[in-house]
J.: 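There's a structure below that I have some questions on.
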Protein chains: 2
Amino acid sequence: MTRSLGISSLVATALFLLCVCGDGNISGSTPMETNTCVKQPMQPDGIVRLSKIQVNPDYLDEYMKYAVEVGTKSLQTEPGVLTMYAVADKENPCNITILETYASQEAYKSHIASPHFQKYKQGTLHMVDSLLLDDVTPLNPNNLITNTIKK
Amino acid sequence: MTRSLGISSLVATALFLLCVCGDGNISGSTPMETNTCVKQPMQPDGIVRLSKIQVNPDYLDEYMKYAVEVGTKSLQTEPGVLTMYAVADKENPCNITILETYASQEAYKSHIASPHFQKYKQGTLHMVDSLLLDDVTPLNPNNLITNTIKK
């Protein structure tokens, strides 16, 4: 009986850990592993933002590498960076939009002081033709978005 | 031994179901219950879109209700609607942006044929000053976004 309990407990624990640690995409039919850190809950002074960046076409490929790197490191390592989801217009890939969500003002301050953000910021200054930071309000507070990096 | 296995299996099953069905926000420190259906995986012909809507200020409050309703019902009931995350500019709340992600062209066709989308579309036609559908490409295919409705 002890052995059977032990085995079953192991199975239960394994399933539990698989669910809790394995995947931010559990709404999907196929769970996937991620390497994103545990996130802080959204605070009343949190930020939801659409950053709109126009990149100089001469530097687009190089800019993309910086943007992917800063997004990945921020999501992987910063508990207060809840989303950093960057997309490029299909018609004009120089128009980039990033859905950025910070759990609090403190989390945002910590983000812009981080070495990976500073590397991105200083490294891409000459590549960016314009930058617009549009702070926004979700229409439905019950509509939740989760952002993770797949392993 | 049979009884202990039975109880332990129940515990394992309960934990598993809790993880799979309970929460799309497992990256957060506090799991939350959601009522979003199981989603299809993204297909090669899937769509990621930023819909940009300028609402007539006279109808803003009424438009918001329609937009929240269609977003909620689509996420709750349509396996192929992966995100429908609507935000309003803080400076000009008549400027709405919706991050819409459909698993496939088929999923998109099914969405626009649904009664809840048709109710939204027909009900808000006179409220919308302009509508721009910007199809986009995520910069990093490993950057995953999950959208759920909290219970």
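No hydrogens, no waters, no symmetry mates; every other heavy atom, side chains included, goes into these values. Protein chains get the first letters and strands the later ones, always in sequence-line order, with residue 1 at the start of each. Quick caveat: nothing in here was measured; it's all calculated off a predicted structure.
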J.: At a heavy-atom distance under 4.5 Å, which candidate from B:N142, B:N140, B:V68 has the highest pair count against chain A?
T.: B:N142
J.: State whether the side chain of B:K39 and the backbone N or O of B:E78 hold a donor-acceptor pair below 3.5 Å, judged by distance alone.
T.: yes
J.: Please output the residues of residues 44-52 of chain A in contact with chain B, using a heavy-atom cutoff of under 4.5 Å, in numerical order.
T.: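 At a heavy-atom separation under 4.5 Å, chain B is reached by A:V48, A:L50.
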J.: Checking heavy atoms, do the side chain of A:D134, its backbone, both or neither come under 4.5 Å from chain B?
T.: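 Interface part for A:D134: side chain.
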J.: Within the 4.5 Å heavy-atom criterion, are A:I53 and A:Y63 side-chain neighbours or not?
T.: yes
J.: Looking only at non-hydrogen atoms, find the nearest pair between B:P93 and B:L60 and report the distance.
T.: O-CD1, 3.7 Å
J.: Are A:V136 and B:D89 close enough that some pair of their side-chain heavy atoms sits under 4.5 Å apart?
T.: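 Contact flag for A:V136/B:D89 side chains = yes.
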J.: Tell me, for A:M84 versus chain B, whether the close heavy atoms (under 4.5 Å) come from the side chain, the backbone, both or neither.
T.: backbone
J.: Under a 4.5 Å side-chain heavy-atom rule over Ile, Leu, Val, Met, Phe, Trp and Tyr, are B:L133 and B:L82 clustered together?
T.: no
J.: Is it the side chain or the backbone of B:I96 that comes within 4.5 Å of chain A heavy atoms, both, or neither?
T.: side chain
J.: Just so I understand: if I count every heavy-atom pair under 4.5 Å between each of B:N143, B:T72, B:I149, B:N95 and chain A, which residue has the most?
T.: B:N143
J.: If every non-hydrogen atom of A:V70 is compared with every non-hydrogen atom of A:S74, which pair is closest and at what distance?
T.: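 Heavy-atom minimum between the residues: O-OG, 2.6 Å.
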J.: Considering only heavy atoms, give the residues of residues 97-126 of chain A separated from chain B by less than 4.5 Å, sorted numerically, with 'none' for an empty result.
T.: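 Result: A:T97, A:L99.
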